[in-house]
Amino acid sequence: MPELPEVENVRQGLERLIVGQKIKAVNVLWSNIIKDPTVEDFKQNLIGETFLSINRRGKFLLFETTDYIVISHLRMEGKYKLESEEHPPTKHTHVIFSLNNGKELRYLDVRKFGKMSLVEKSKAYEHPSLRSLGPEPNEELTLSHVSAFLRNRKRSIKACLLDQKMVAGIGNIYADEILFASGIHPERQGHTLSSTEQKKLKEAIVTIMKKAVEAGGTTIRTYANAFGDSGSFQNQLMVYGKEGEPCPNCQTAFIKTKVAQRGTHYCPLCQK
DNA sequence: CCAGCAGCCTGTGCGC
DNA sequence: TGCGCACAGGCTGCTG
């Protein structure tokens, strides 16, 4: 589920559910989820800490506790659920934070791709995961940043959009939607965009990401009752997953190919 | 520095 | 029904 709009949706839910709760115990059932420090330090340092706020940077969730920040990335299929401690965890549950109120904040991840790091509060933004992230796709994103990034950039514009250094939070679905809205072919080399196209692209990034957040994100494969999996932006998708369907502008069938090693949907006529 | 690709994992859907 | 393969909303680390 996780591109920025989905992560933001999860963040809002978690904020309501766990802020103010104290951590009684931490259980790690799949240690590769914990990137740093060691699993033992991760657990020990968090016991006794209280969740103060839940923030987000790009696709990363930032759980602020009394002294630390848990940096959490859901990757492809990570999810958080708040469940009662009596409710037995499934085989896809990998990290469990037991809370004072008898509930457990559980991290589930079928593919086990997700990662968590624990850092001291003052050092959070120096962490390698966050250090080189580009601007958020809102007013922070300026045209001069976009054009500086694209300058001399030989890779495809699709690869550029997926690069979190250009803009933080765009993933495969929104990259395709943004390029369709901008009328730009996904295989165009970054440096070939005219200033008009750069402007169009920047506007599309900001509007589409904003709309997707407002819609609560996109739910594609419907995993049963996954926490925060309630978005409706899938109803507003124009190209993603629409291969073979007619483009609403020109009636040409949408094409699906592979660009930057990712499934890529576009209109061969409208996107130049 | 950049681009391409394997690796990390499991599940699903398709063709045979 | 079973098998093998391709594919899936992401990132990191290695190679040339």
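Chain naming here is simple, since letters A, B, ... match the order of the sequence lines and numbering starts at 1 in each. When reading the values below, keep in mind they use all heavy atoms of this one structure, side chains included, and skip hydrogens, waters and symmetry mates. These numbers were taken from a predicted model, which means no experiment stands behind them.
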For this session: Give the intermediate values and the outcome of side chain to side chain donor-acceptor pair (under 3.5 Å) for residues A/Asp176 and A/His265.
Result: CA-CA 6 Å; A/Asp176 284 2; A/His265 312 73; 2.8 Å; yes
Problem set entry | side chain to side chain donor-acceptor pair (under 3.5 Å) between A/Ser129 and A/Lys35, intermediate numbers included | CA-CA 11 Å; A/Ser129 305; A/Lys35 195 160 117 190; 3.2 Å; yes
For this session: For the pair A/Thr218 and A/Glu6, evaluate side chain to side chain contact (heavy atoms under 4.5 Å, CB included) and give the outcome as yes or no after the intermediate values.
Result: CA-CA 7 Å; A/Thr218 302; A/Glu6 295 76 50; 3.8 Å; yes
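Between B/dA3 and A/Arg155, a contact under 4.0 Å exists linking OP1 or OP2 to a side-chain N or O. Taking side-chain N and O atoms only, A/Lys115 has no distance below 4.0 Å to OP1 or OP2 of C/dC11. Between A/His73 and C/dC11 there is a side-chain N or O to OP1 or OP2 distance below 4.0 Å. Residue A/Arg153 has a polar side-chain atom (N or O) positioned under 4.0 Å from OP1 or OP2 of B/dC2. The phosphate of C/dG9 (OP1 or OP2) has a side-chain N or O of A/Tyr240 nearer than 4.0 angstrom. Between A/Gln164 and the phosphate of C/dC11, there is a side-chain N or O to OP1/OP2 separation shorter than 4.0 Å. Side-chain N/O atoms of A/Lys112 include none lying less than 4.0 angstrom from OP1 or OP2 on C/dG10. In terms of phosphate contacts, A/Arg262 brings a side-chain nitrogen or oxygen within less than 4.0 Å of OP1 or OP2 of C/dG9.
When each of C/dG9, C/dC11, B/dT10 is scored by its nearest atom to the side-chain atoms of A/His92, the top-ranked nucleotide is B/dT10. Proximity note for A/Arg75 (side chain, C-beta onward) versus B/dG11, C/dG10, B/dC9: the nearest is C/dG10.
To the nearest angstrom, P of C/dG9 lies 20 Å from CD of A/Gln236. When rounded to the nearest whole Å, the span between NZ of A/Lys35 and P of B/dC9 equals 15 Å. Rounded to whole Å, the distance from CG on A/Asn172 to C1' on C/dC11 is 13 Å. For A/Glu77 and B/dT10, the CD to P distance is 12 Å, given to the nearest whole Å. Straight-line distance from the CG atom of A/Leu133 to the C1' atom of C/dT12: 14 Å, rounded to whole Å. Between A/Lys258 atom NZ and C/dC7 atom P the separation is 5 Å, expressed in whole Å. The distance between atom OH of A/Tyr174 and atom P of C/dG10, rounded to the nearest whole Å, is 10 Å. If you take CE of A/Met209 and P of C/dG9, they are 15 Å apart, rounded to a whole angstrom.
Backbone-only engagement by A/Lys256 is indicated by non-hydrogen atom pairs under 4.0 Å involving sugar-phosphate atoms exclusively. A/Asn32 comes within contact range of the sugar-phosphate backbone alone, with a heavy-atom separation under 4.0 Å but no base atom that close. As judged by a 4.0 angstrom heavy-atom cut-off over every strand, A/Gln261 is placed among the base-contacting residues.
With a 3.5 Å ceiling on both atom-pair distances, C/dG9 lacks any Watson-Crick or G-U wobble partner. Figure legend. B/dC9 is base-paired to no nucleotide; pairs are counted as Watson-Crick or G-U wobble with both atom distances under 3.5 Å.
In this structure, A/Glu120 and A/Tyr68 have side chains that are in contact, with non-hydrogen atoms separated by less than 4.5 Å. Counting heavy atoms from C-beta on, the side chains of A/Leu161 and A/Ile205 come closer than 4.5 Å.
Evaluation of A/Phe113 against the base of B/dC9 yields no stacking contact (centre distance < 5.5 Å, interplanar angle < 30° required).
Within the 3.5 Å criterion, the main-chain N or O of A/Lys115 finds no donor-acceptor partner in the side chain of A/Arg75.
Of the C1' atoms belonging to B/dA3 and C/dG9, the separation is 23 Å, rounded to the nearest Å. Going from the P atom of B/dC9 to that of C/dC3 covers 24 Å, rounded to whole Å.
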